[in-house]
Amino acid sequence: MSTERIQRIGVLTGGGDCPGLNTVIRVVTKAAILEQHLEVVGIEDGYLGLIEDRMRPLTFDAVSNILDRGGTILGTSNKADPSRFCVGHDAGGRPIFADVSDRVLANVRARGLDALVCIGGDGTMSGAARLAARGLRIIGVPKTIDNDLLHTEVTFGFDTALSIATDALMRLRTTASSHQRVMLLETMGRNAGWIALHAGIASGADIILIPEIPFQLEAVCAHCLDRSRRGRAYTLIAVAEGAKPVGGEPVVDRIVHESPDPVRLGGVSVVLCGQIAERTKLETRATILGHIQRGGTPTARDRVLATEFAHHAMILLREGRFNQMVALQQGRLTSVPLAEVADRQRTVPVDDHLIAAGRAVGTSFGDR
Ligand code: F6P
């Protein structure tokens, strides 16, 4: 790769789609063209496009009117890691993985890309760190509804998912109270409980179950029964998809064998629904919110955050500070080495102030 002045950059979005991705693509492209006089190339479907050499020019017009559009105009993939890419299947149908980083380096060189802006979550940052170690110049921009990237207080996408989950809980409350039911809402978040915790607090959920605080089924049932005995006719439960009982494992929805991170969680609310109904004899229902949390237009807060992150990425690029991920720390924009973010997740600390605030108003976390 050239050590001369940056002239052409590539932009990609990796991992699950997330509200605010297009906002970042827009700001990176416009700022690159207007302020730094660069050419911008959009890489299709995340690392898959880098591996398969699928790219297209991003012009000023191409990124107009996308600020508030959900998803990503570039496409994305949460199955393509260049260092462990599925190149086929064996006779038993098992995926065969190979390191195709050399192919990526050759494509980047052939396309004349002097640097990459990789927008994604922990999988994308891990891939970026490995490519950076092979000599690519990369700047990472953190996205994920899960809010679980290390070294940044928040990622864009989280606020949108939070408002959708909160709205869903408030809607379930009306049915819960009308029918005197126990209603569970299952949120996404993998092994982190940020969405369930914040949405649970924002909606006044009676019970919040997160992976970081394993629950006791007896405690959950006792809280539902206690409420009904005290004349509270219903119970609203926010449960993170990664929530698990003490000594137990999270409920797995599926294994995506081709993915570097193959386990997809889901279904704990349905399991709990049956168990609570059986033990308490209260009428109980479960709703899995699923990908609705990731779809649609980003909130104003996420658009602002995505814009700030993207602009900071372009400052790093101009200053030649590569192999960093943009981060927000103590409310200030900064950056951290990609290698420090790779292969790690930020879960909810059990002494988080919101957990204490919830306990203070009688919210159960299912552990006592
Ligand atoms: O990381 C974002 C996320 O939506 C998680 O909350 C969820 O567990 C996972 O992706 C779902 O992945 P998929 O879109 O492959 O089902």
Side-chain angles (χ1 to χ4, degrees), residues 12-21 24 45-48 70-72 74-81 84 86 95 118-128 140-150 152 154-166 168-169 185-200 208-212 238-244 249-271 287-296 298 302 306 325 341-348:
L12 66 80
T13 52
D17 73 320
C18 168
L21 287 171
V24 177
D45 301 335
Y47 289 129
L48 201 56
T72 159
L74 292 175
T76 187
S77 167
N78 60 5
K79 290 188 271 196
D81 176 351
R84 197 169 179 274
C86 175
C118 295
I119 312 161
D122 67 329
T124 305
M125 295 309 143
S126 304
V141 181
K143 72 86 212 184
T144 167
I145 63 163
D146 303 339
N147 203 29
D148 62 351
L149 271 177
L150 210 61
T152 184
V154 69
T155 51
F156 70 85
F158 174 65
D159 187 65
T160 307
L162 169 60
S163 57
I164 294 168
T166 303
L169 280 161
L185 179 78
E186 178 174 324
T187 60
M188 282 186 163
R190 299 193 297 175
N191 300 310
W194 294 107
I195 301 175
L197 174 62
H198 282 242
I208 301 173
L209 304 177
I210 59 175
E212 295 84 350
V239 53
E241 64 181 3
K244 53 185 181 285
E249 293 297 322
V251 177
V252 174
D253 174 46
R254 70 186 66 216
I255 303 290
V256 182
H257 292 286
E258 295 78 17
S259 171
D261 185 12
V263 177
R264 299 289 185 273
L265 301 176
V268 62
S269 61
V270 177
V271 173
T287 300
I288 300 178
L289 195 52
H291 292 81
I292 289 168
Q293 289 155 100
R294 268 176 26 195
D302 271 340
M325 182 191 83
V341 187
D343 302 315
R344 297 162 78 187
Q345 284 173 11
R346 187 178 73 100
T347 53
V348 178

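When a residue number appears, it is its place in the shown sequence, counting from 1. Remember, it's 1-based here, ligands and their atoms both numbered in the order they're listed.
Residue-environment remark: NZ (Lys244) exceeds the threshold of 12 foreign heavy atoms within 6.0 Å.
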Steps toward side-chain contact (heavy atoms from CB on, under 4.5 Å) verdict (Val252, Arg264): CA-CA 6 Å; Val252 174; Arg264 299 289 185 273; over 6 Å; no
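Between Pro95 and Cys86, the shortest heavy-atom contact is CB-SG, 3.7 Å. Shortest non-hydrogen contact noted between Phe156 and Asp302 is CA-OD1, 3.5 Å.
Taking Ala199 as the reference, Leu162, Ala165, Thr166, Leu169 meet the side-chain contact (heavy atoms from CB on, under 4.5 Å) condition, with sequence neighbours excluded.
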Starting from the N and O atoms of ligand 1, find every protein N or O within less than 3.5 Å and list the pair with its distance.
unit_1   : atom_1 : unit_2 : atom_2 : d
ligand 1 : 1 (O)  : Asp146 : OD2    : 2.6
ligand 1 : 4 (O)  : Arg294 : NH1    : 2.8
ligand 1 : 6 (O)  : Asp146 : OD1    : 2.7
ligand 1 : 6 (O)  : Gly189 : N      : 3.0
ligand 1 : 8 (O)  : Glu241 : OE2    : 2.5
ligand 1 : 10 (O) : Arg294 : NH1    : 3.1
ligand 1 : 12 (O) : Arg264 : NE     : 3.4
ligand 1 : 14 (O) : His291 : NE2    : 2.9
ligand 1 : 14 (O) : Arg294 : NH1    : 2.9
ligand 1 : 14 (O) : Arg294 : NH2    : 3.2
ligand 1 : 15 (O) : Asn78  : ND2    : 3.1
ligand 1 : 15 (O) : Arg264 : NE     : 2.7
ligand 1 : 16 (O) : His291 : NE2    : 3.2

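Using a 4.0 Å cut-off between charged nitrogen and carboxylate oxygen, Asp17 and Arg294 count as a salt-bridge pair.
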